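Below is one structure, written out as structure tokens; the observations come after it.
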Amino acid sequence: MDLHYTPEEQAFRAEVREFVRARLPRDISAKVLGHRRLAKDDYVRWQKILHERGWIAAGWPVEHGGTGWSAVQQHIFDEECAAAGAPRLIPFGLNMVAPVIMQFGSEQQKRRYLPRILSSEDWWCQGYSEPGSGSDLASLKTRAVRQGDHYVVNGQKTWTTLAQYADMIFCLVRTDSSVKPQEGISFLLIDMHAPGVTVRPLYLYDEEHEVNEVFFDDVKVPLENLVGSEGKGWTYAKYLLGHERTGITGVGASKRELALLKEIAAQQAKDGRPLAADPVFRQRLAQVEIDLLALEMTLLRVLSSRTKPGPEASILKIKGTEVQQALTELMMDALGPLALPFSRTAIEEGGSAAPLAPDYAAPLAARYFNWRKTSIYGGSNEIQRNIIAQQVLGL
Amino acid sequence: MDLHYTPEEQAFRAEVREFVRARLPRDISAKVLGHRRLAKDDYVRWQKILHERGWIAAGWPVEHGGTGWSAVQQHIFDEECAAAGAPRLIPFGLNMVAPVIMQFGSEQQKRRYLPRILSSEDWWCQGYSEPGSGSDLASLKTRAVRQGDHYVVNGQKTWTTLAQYADMIFCLVRTDSSVKPQEGISFLLIDMHAPGVTVRPLYLYDEEHEVNEVFFDDVKVPLENLVGSEGKGWTYAKYLLGHERTGITGVGASKRELALLKEIAAQQAKDGRPLAADPVFRQRLAQVEIDLLALEMTLLRVLSSRTKPGPEASILKIKGTEVQQALTELMMDALGPLALPFSRTAIEEGGSAAPLAPDYAAPLAARYFNWRKTSIYGGSNEIQRNIIAQQVLGL
Amino acid sequence: MDFTLSEEQQLFRDALAKFVQNEYAFEARRKIVASAQGWSGEVWARLAAMGALAVPFAEADGGLGGSGVDLMVVMQELGRGIAVEPYLATVVLGGGAVAAAGSPAQRQALLPGLIAGERQLALAYAEPGARHDLHDVQASARREGAGYVLSGRKATVLNGATADTLVVSARTAGARRDAQGVTLFLVARGAQGVSLSDYRTIDGLRAADLVLDGVRLGADAVLGPVDGGLAPLERAVDLGAAALCAEAVGVIEQLNALTLDYLRTRRQFGQPIGRFQALQHRAVDMLVHAEQVKSIVCLAASAAQSADERERRRAVSAAKSLVGRSGRAVAKEATQLHGGMGVTLELPAAHYAKRLTMIDFWLGDSDWHTERFAAASA
Amino acid sequence: MDFTLSEEQQLFRDALAKFVQNEYAFEARRKIVASAQGWSGEVWARLAAMGALAVPFAEADGGLGGSGVDLMVVMQELGRGIAVEPYLATVVLGGGAVAAAGSPAQRQALLPGLIAGERQLALAYAEPGARHDLHDVQASARREGAGYVLSGRKATVLNGATADTLVVSARTAGARRDAQGVTLFLVARGAQGVSLSDYRTIDGLRAADLVLDGVRLGADAVLGPVDGGLAPLERAVDLGAAALCAEAVGVIEQLNALTLDYLRTRRQFGQPIGRFQALQHRAVDMLVHAEQVKSIVCLAASAAQSADERERRRAVSAAKSLVGRSGRAVAKEATQLHGGMGVTLELPAAHYAKRLTMIDFWLGDSDWHTERFAAASA
């Protein structure tokens, strides 16, 4: 056991840090560190910079254009990017559909989609949840019926993150209603620009247009857009779920947020002294910091073991989102009444929500509310607990 | 709405207080306030004093020798007794079997048992739980088979509080195995001195001999000791359960404990000043005090409404025991390392567990552990949540 | 010991409940919140007509002489609809300060108009950097001739932009955090030197930041004793906190009802999700929170106008502390139990959860009131 | 970044695990705890024979030169059996202080005997009223000739009554809570003026209160620098805290295993209670606690002997803080999930839960370490 990074890992960190320092656009990092909303272009610009350096696909194997980094290297990369205020990499293409295409897709699909994901030419979104099936994914109703050389898709997806930017959506659709629910599901790649696809915004808690409903009305999808075999979509979706859980932990971003929280606590006052010196707030902050430190060690423990994380990775999802939510709450609390003013303009374009409140205060309550989603998405924390209870604890 | 006690209620409180001040033996209250173990005689002595005054059966109707007090008066009585350090009244006779006998018992049973409960001549215990049936009471296995003018009882009860002192036990027994589990249960009164009854101690967390296993080995019980009808025991048990929940709230005792906790916090030091001035401890203590204040109001709200409390009284059991446990934990915490020394002698006979620790410290960690039982007994808090979910929330 | 409402209170409650239910449905509220003013003049006029605005004021001032409990009844029902009209700001806080400290002439000048629904008030006491401390006052009032000149800054003034008259705390003596030396003043919103910036708050209300730059006031602008304004200010804010807690009861009960409804109707894995025991137990804890809050709020309502300062502080702070903790817990659980839809503005739940959470940020948060309770309980 | 144990460590762990499992079964432990001495000389001799007592000491002192991680391995396995032998007191605390501050002669005099299992130590640093503050020292050491005269009181000295030699902190200069002026002394248990009262602790161990009344010591009794004893004392206590946290990992894992076993086998309402979702989710939270604690304990073990004081304090206090919080939570849940039997001493669970809870009361509790962590992380 040696919990120090190796000299190689340290050198790697230095290399990443220098690159990010030199290339991350200041206007973008200012938005991230100020908790402002990012535009599509902000994400794409940064992704293209990484692509240019060959670092866009940290988790991909080299043969597909990935970095071939170890899991620990990937974590270091994530941490350095997060610390500097880089935007998160939109995961739907890079970390979600890509591994499925690599593992189960046709050669043609690999040749077509993987390069366009690397280059950020295609923006992907995820078509899993439906109004009637959230946690119980297998009950989904969107249907794809074969007609000649294409499927005709009808139905509705919901909770589709950033669908308004998307060029492609990967969907779970029902291709067979005569078999057991899990067995009639297929994995389809659909062009968002195809006729019959409509996107309707759902506004979140904080009035952000981040998720959507996506309607399919007689949408024609070429048969070649089926991934793998018909009826195997459930298997592919489960494969993907395992990929999602470690990434969702968010240790890098939480460390950055903790640092920002400490700055705020140093600036805000309570009882006529800095909030950071208030014993009650100190305890609360330190407890979250300790939880995060333990979580970082848990993540590294999982990542540095050579075996692929199994269902116990659900622990990372649960604790990771608990820490994230605790941080957003403490940040809001640190502001006191200055958390109250709300301004969409301020969140989107910068500035303060109220003349007498500091700029950094403007997005924080909204962010607290927005972050309630983290214990719901990616398999709600209740579903994660079910998974652990059954697959790890054998209950 | 008027949350002040009426002049009549205030006068009643003064009367109770004066009586308790004058008549509660000092040696007993010293034990209670010092968290020492009480002997059987301590309970009985105080109960006889109350009986003499006609106050032993606060909740009973006048015709059976009760006080006829309103629910609020009963609460005032409870509060005054608790505050002064009176022992709790052993509930198994007074509050558990007695209401069942009054409601469902024969005239003969009423004539025989009720006066002996009032006079503390009989010490009762409760024979519900069995090794295989705790929360799932209906699965109980102790059998009573009719033979001529008596039942023959075989089986085992467990978790029987203070059975070692008991003269009588009221038992749920199975008299019919051919019907649905709930329908084959009868309510039987059994002489603890009868041949074939054996009591084996179970030591609790704190090494206290408080609960027992009770074995029945061909115990003969006269048919006249059946309460009500054969096979109706489940109905009587449920009737009784409703009685138990408000009493278990323990507001009076918790208020006394809170006061003792504040004394301890004033005497113990942290960072070179009184613990009571430590901001973190202050917050924690105040939160419990607020919870208790709200609970007191909730209890009074329930008691002062003229309708009998329904399943929502389970709320009182849940919150009441949570507050009790929080208080025992804070008390232990207030001591710091001085909570560690353990001495059965000190707990039973007084004194300190370690030369350099104050006398009041000796029982507090043991009490914390002992009190874990409160969220388990009387229908575990999980069972209470099930009851509320089904009967109040309709889930 | 009596927890029942009088027949009059029940009738009033039922009328208000019906009004809120009819006029303040989800879509109607959405429109009101999005309007330029941010609240509805029509609803306000109806509240005036129902007598709701007269509740806490003495009969001599044209009011109904209602108690803290009467106020509780009103606020609970407003909370059930998460109404955004400035009842708290105008009637309880601003009106409360005038009622607590005003001379007969001041009361006569302000309260009848307020009760009639024609005049809006606001209480400008909070300063940036003062968090929840009423005595942390840097705004200064300098004597000049018979009057005063006010300068300073006041933050998050609820209803600031639509108030005709602002009650402003300013320092006439002493240092920044001294309890003595605070004086209340009546300031017309349009007075020279007053600048106001109006904004939305995240829980759907309107507040304003206020900059006072050499505002000249006559001697008649002084509300209550010079240098002794903290006591009436605290009384008004305590009444406001008790009222806000009562609002929280309405919000919690409605949010719990919405959540139960969702648990009963939303199906996953072939059954209503309310059949899952883990969710059932959490729903029970939400009910326990609701009952505890309801109880302590009765106590706060009863003691909110008590002459015994310690009793008042203890009861109000107990309630506000518990409302802060329990309200946040209920809001989180309601959101989580609603799943994905719980974090969108499509369903009412999110709106209730936002308001419920942010109630902890107005008039002293849970930590602040817990410490105040501890001090009053020592 | 490597979390794996070396092959040697794994072998040692497996041997210890087997030893504890075989020799330290429930009934065996019950007898050991109830014995007059309160721990088993036989077990101790076996631990010595296995080399466990040599782990943290330098090879020059006859030890194995083991790391904090080696110590972690030992303590985890001892925790799995809730062994009551004075490993923490003798090897880690007492031995640690001697190793940290002792002269070659002192180390030679004490450590080989300790490693051989022939000599017991204890660290007497705590005073009544000092809670967890190492620098809060009232016991005084007055210079007399070449030596010192010690007077004062030391509380809850773990293993005090069976230690041959006590390491005692006393004030040679400064006021009660000064960091400077604390000196460590070696005191023979039987020295004149030493009186010891032995007692049980609620978690099954033995401790003693110590009164020093004019104990005369030679100059060679001074352990480490005069007036500068706080630093080595803190090092020893930090190593002890890290070791105690490692013990907690073993306790938690064993308690979780016992609870899972109970959930799988105990039947109510026609099925194993582990089928009830509300209990499942709570069992999952117990696992999350266990994993988080395990992780942070690795960090503490790695940093427990770090030369970087800030790094050491931060890691050790993070671990002890989390062990305190999580340990209590796990203990409560394990008890509750065991139902009625969980609070009797009939099942092992209650014994594990008691130890796990009380670990928070030794060597600084969760609040104390949380604040220390905050100070070290500022």
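Quick note on labels: first sequence line is chain A, next is B, and so on, each numbered from 1. Because the structure is predicted, anything quoted here is derived from the model rather than measured.
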How about CD on D:Glu8, more than 12 heavy atoms from neighbouring residues, nucleotides or ligands closer than 6.0 Å, or not? no
Other residues, nucleotides, ligands: >12 heavy atoms within 6.0 Å of D:Gln21 CD: no
From D:Phe3 CZ over to A:Thr298 OG1, what is the distance, rounded to the nearest 0.5 angstrom? 8.0 Å
Close side-chain approach of [X] to [Y], heavy-atom, < 4.5 Å:
{"X": "D:Met1", "Y": "A:His75", "value": "no"}
{"X": "A:Gln283", "Y": "D:Glu371", "value": "yes"}
{"X": "A:Leu293", "Y": "D:Phe373", "value": "yes"}
{"X": "D:Ser6", "Y": "A:Met1", "value": "no"}
{"X": "A:Leu3", "Y": "D:Cys298", "value": "yes"}

Cationic N near anionic O, under 4.0 Å, A:Asp291 to D:Arg325: yes
Are any of the side-chain nitrogens in D:Glu291 or A:Lys319 under 4.0 Å away from the carboxylate oxygens of its partner? no
Without swapping roles, check the side chain of D:Arg264 against the backbone of A:Leu393 for a donor-acceptor pair under 3.5 Å. yes
Ignoring hydrogens and angles, tell me if any N or O in the side chain of D:Gln292 forms a donor-acceptor pair with the backbone of A:Leu295 under 3.5 Å. yes
If you count heavy-atom pairs under 4.5 Å between each of D:Val297, D:Asp285, D:Leu322, D:Leu5 and chain A, which one has the most? D:Asp285
Need one label for [X]: side chain, backbone, both or neither, based on atoms under 4.5 Å from any heavy atom in chain D.
{"X": "A:Thr6", "answer": "both"}
{"X": "A:Glu382", "answer": "both"}
{"X": "A:Gln287", "answer": "both"}

Given a strict heavy-atom distance threshold of 4.5 Å, which part of [X] is in contact with chain A: side chain, backbone, both, or neither?
{"X": "D:Asn256", "result": "neither"}
{"X": "D:Thr370", "result": "both"}
{"X": "D:Ala375", "result": "both"}

Under the criterion side chain to side chain contact (heavy atoms under 4.5 Å, CB included), which of A:Val392, A:Leu395, A:Ile388 is the partner of D:Val284? A:Ile388
